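Working notes for the structure below.
Everything numeric here is computed off the predicted structure, so don't read it as measured data. Residue numbers begin at 1 in each chain, while the letters A, B, ... track the order of the sequences.
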Protein chains: 2
Amino acid sequence: MKTTDALPLSQPPSPRTLAQPPLAANVTALPAPPALSGVASIQKTLAILEIVAERGGATAKEVSASLGYPLPTVYRLMQTLVQSDYLVHIRRERKFELGYKLHRLGVSLHRQIGVPAEVRTEIARLHRHARAAAYFAAYRGADVVVTYIVDSPAAPRLTPLSFGFHEAAHATAFGKIMLTGMSGEQRDQYLEAHGLPRLTPATITDRGELERQLETISRSQVAWEHEEFVPGMTCAAVGVRNSAGLLVGSVAISARADTIASRERDLERMLRETAAGLSRYFRSGSVRR
Amino acid sequence: MKTTDALPLSQPPSPRTLAQPPLAANVTALPAPPALSGVASIQKTLAILEIVAERGGATAKEVSASLGYPLPTVYRLMQTLVQSDYLVHIRRERKFELGYKLHRLGVSLHRQIGVPAEVRTEIARLHRHARAAAYFAAYRGADVVVTYIVDSPAAPRLTPLSFGFHEAAHATAFGKIMLTGMSGEQRDQYLEAHGLPRLTPATITDRGELERQLETISRSQVAWEHEEFVPGMTCAAVGVRNSAGLLVGSVAISARADTIASRERDLERMLRETAAGLSRYFRSGSVRR
DNA sequence: GCCGGCTTCTCACATCGTGACAGGCCCCCT
DNA sequence: AGGGGGCCTGTCACGATGTGAGAAGCCGGC
């Protein structure tokens, strides 16, 4: 057995994904975009970091141009990042690239979110039996986060749903499960903050309609999502609870809408079984019934 | 074949590794430690990020205590990080953990440094034949960085030498190779900035002695390091050059000192072969001779 | 229901970052 | 070699901006 440094799967080489949380983009065009609170110089610095990440390296000039900061400022901020190993200055090529500290931080993040082996094997089993991409999403702070995925060429994951995804709760199956687990007040607060942006023609953007559907979901204990997140794709999820009965996460699958229609019952059964097994695990430390 | 989110191998749960570049620590005890230049608020913010990473989550109070910043300041900075998804605030547990943006940045870093498949297979082959941990270190900016490692339980890597390692050039085999590739002036500058900190009793800390050894190395084209970096461990490295004859990286192995003594010749031969193959690859795009 | 912690305001001060400008450096081109 | 055109790094005075003491919310726990 040999071990190597595992390279995290590359996200697609997309130009502009949902990098920023999809804030409602059509609020009658506010003149001043959020620019919320926070320390401005830090926001600038982080913006620089992300530009460099997106482009796979950038010159100071490019950064200055695309963010609109004056050049000396850009240099100053970038040098601060270089000093702390968040950036590397490659003088030969007159450009900046990401530094090694980011590797360590990424590793730390994975350690903090690490998914137990039992969850991994159960999700893998679900993937095999359901012939669909299978996900585990955990609750962390005020969000649901996708923390584990098993898919295959025949049943690939939904493109934006990679490790760490936590946006658009109103349009995803596991997001809906999370919303049903919240108190009315929590839900109000969450939806107020994130809005219900339209992602596809089928996305639920009406608060009342969403509430009604959540009602149904909390009775049936399974959440569906039909082309509301990505056209042509369907997801379903079931919650996982700990010994106190609190939602700690959820199990989900995704697949092409047309390949699912005929076996919804079946898939629901498998999801419930997996979720029940994991709930047992979170109660007692064992999956076995 | 199934694909999953690959978790980068965890670094050892070490408390305080060489996180900061090992600046010469004994310069007659300057009253004000470096605190070099740079934007102070940003350095504070990054320090907070790293504390949270090290501890696997921390409360604002802990951060305030261990860095000596006043509490409101800590909250303000941490909230800025939360807004940009570098941190997550877990209110239930009254603590902060790392955010998901760090995953993306880590992935981008790996994309930027990505090692070609040819290099990976050659390093793996070297590992098998030499029965030793095998490394590829690339030049990036003004540093050598370990970018690929193949090891195994029987021949494990040197503990601090994980992906991204780029310190202590004077005490590592691939570091010495890099130093031989520099002009006298570049070398002066590099060693001036980094110093020659003593890591083991055998570490070369005298500039003249190092220069003499580099002389020898540039003739023999192979660099050895005997317990100068980690006690009981030995490393050797050979440079890899591109079509312009410039060093682009190096190939290295490490093993317990006592298991190597009898086969230094053999290992040198294998290192040279691997390095020659990779040099061919960097010249012509193919390893084949 | 009250207490004690964490967390978030408020606000006046001066620090600290800012960015126009100019000079140095290095590389490339001829 | 010599020049020229970038990239990069200083310098500096202005004032916006971050700062941190204090105090008031907020929330959970006893």
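- Atom CE of B:Met78 and atom P of C:dT7 are 10 Å apart (whole Å).
- Side chains of A:Arg207 and A:His170 form no contact here, defined as non-hydrogen atoms less than 4.5 Å apart.
- In this structure, A:Phe163 and A:His110 have parallel ring planes: the angle between them is below the 30° cut-off, well short of the 60° mark.
- Residues B:Glu50 and A:Lys101 are paired through a salt bridge, judged by an N-O separation under 4.0 Å between the basic side chain and the carboxylate.
- As a whole-Å value, the separation of A:Ile90 CD1 from D:dC7 P is 17 Å.
- A:Lys44 has a side-chain polar atom (N or O) that falls below the 4.0 Å cut-off from OP1 or OP2 of C:dT18.
- The aromatic rings of B:His166 and A:Tyr100 sit tilted, their planes meeting at an angle between 30° and 60°.
- Summarising the geometry, the separation between CG on B:Leu71 and C1' on C:dT8 is reported as 11 Å, rounded to the nearest angstrom.
- With rounding to whole Å, B:Tyr69 atom OH is found 14 Å from D:dG20 atom C1'.
- Comparing A:Ile42 and A:Phe96, the nucleotide of DNA chain D nearest to each residue sits closer to the 5' end for A:Phe96.
- Rounded to whole angstrom, the span from the NZ atom of A:Lys61 across to the P atom of D:dG5 amounts to 13 Å.
- For B:Arg94, the side-chain atoms get nearest to C:dC6 when compared with the rest of C:dC6, D:dG18, C:dT18.
- Between C:dT8 and B:Arg91, a contact under 4.0 Å exists linking OP1 or OP2 to a side-chain N or O.
- Considering only side-chain N and O atoms, A:Tyr75 lies nowhere under 4.0 angstrom from the phosphate OP1 or OP2 of D:dT9.
- Distance, A:Gln189 CD to D:dC27 P: 8 Å, rounded to whole Å.
- As rounded to whole Å, 12 Å separates atom P of D:dC8 from atom CG of A:Leu87.
- Phosphate proximity of D:dC7 to A:His89: absent, as no side-chain N or O sits under 4.0 Å from OP1 or OP2.
- What you find for A:Asp188 and A:Glu211 is that their closest heavy atoms are OD1-OE2, 4.4 Å.
- Between B:Glu93 atom CD and D:dG28 atom C1' there is a gap of 14 Å when expressed in whole angstrom units.
- B:Thr73 has a side-chain polar atom (N or O) that falls below the 4.0 Å cut-off from OP1 or OP2 of D:dG20.
- A donor and an acceptor atom sit less than 3.5 Å apart, one in the side chain of A:Arg76 and one in the base of C:dG19.
- When the nucleotides C:dT18, C:dT7, C:dC21 are ranked by their closest atom to the side chain of B:Val39, C:dT18 comes out on top.
- Contacts of B:Pro70 with the nucleic acid, taken as non-hydrogen atoms under 4.0 Å apart, involve only primed sugar atoms and P, OP1 or OP2.
- Among the heavy atoms of the strands, none lies under 4.0 Å from B:Lys95.
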